[in-house]
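Here is the structure we will look at.
Since the structure is predicted, the reported quantities are computational estimates derived from the model, not experimental observations.
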Amino acid sequence: MVSRNMMKNTIALVLTINLVFFGFTVAQAPPPQAPTCPRDIQACVNVLGLNVFINPRSVSQCCTLVAGLDASVASVCLCNAVRVNILNLVSVTVRLGQLLNTCGVNPPAGFRCA
């Protein structure tokens, strides 16, 4: 009989300890995924390379691509796409700012495409 009571007490103790430890754990949400650049971002690079003046009609496809992105993400995506194709980055940074402004996206303060 003693062994049976001891077994019940041991099981009760183990269950209590498990409840205490599992009660202190907190479920964590998975970390947010890093935003990704649209695959068709090359359309924006083509606009920067072909046109002397940036106007809303020539950038409509590009504006559609960056419309759903945060300003900092849009700036980095365009900068990375441009950096691959164009070597003169000083003029590209200015034109990139013009392109973002034409699309209604304000690049972050002090943003430079480097």
Do Pro38 and Val66 come within less than 4.5 Å of each other through their side chains, counting heavy atoms only? no

Following the transitive rule for hydrophobic clusters with a side-chain heavy-atom cut-off under 4.5 Å over Ile, Leu, Val, Met, Phe, Trp and Tyr, establish whether Val14 and Met6 coincide in one cluster. no

Sub-2.5 Å SG contact, Cys103 and Cys62: no

Not counting sequence neighbours, which residues clear side chain to side chain donor-acceptor pair (under 3.5 Å) with Thr64? List them please. none

Atom CG in Asn106, atom CG in Leu100: separation rounded to 0.5 Å? 8.5 Å

Which pairs, with at least one residue in residues 6-23 and sequence neighbours excluded, count as a side chain to side chain donor-acceptor pair (under 3.5 Å)? none

Under 4.5 Å between side-chain heavy atoms, hopping through other hydrophobics if needed: is there a path connecting Leu65 to Val73? no

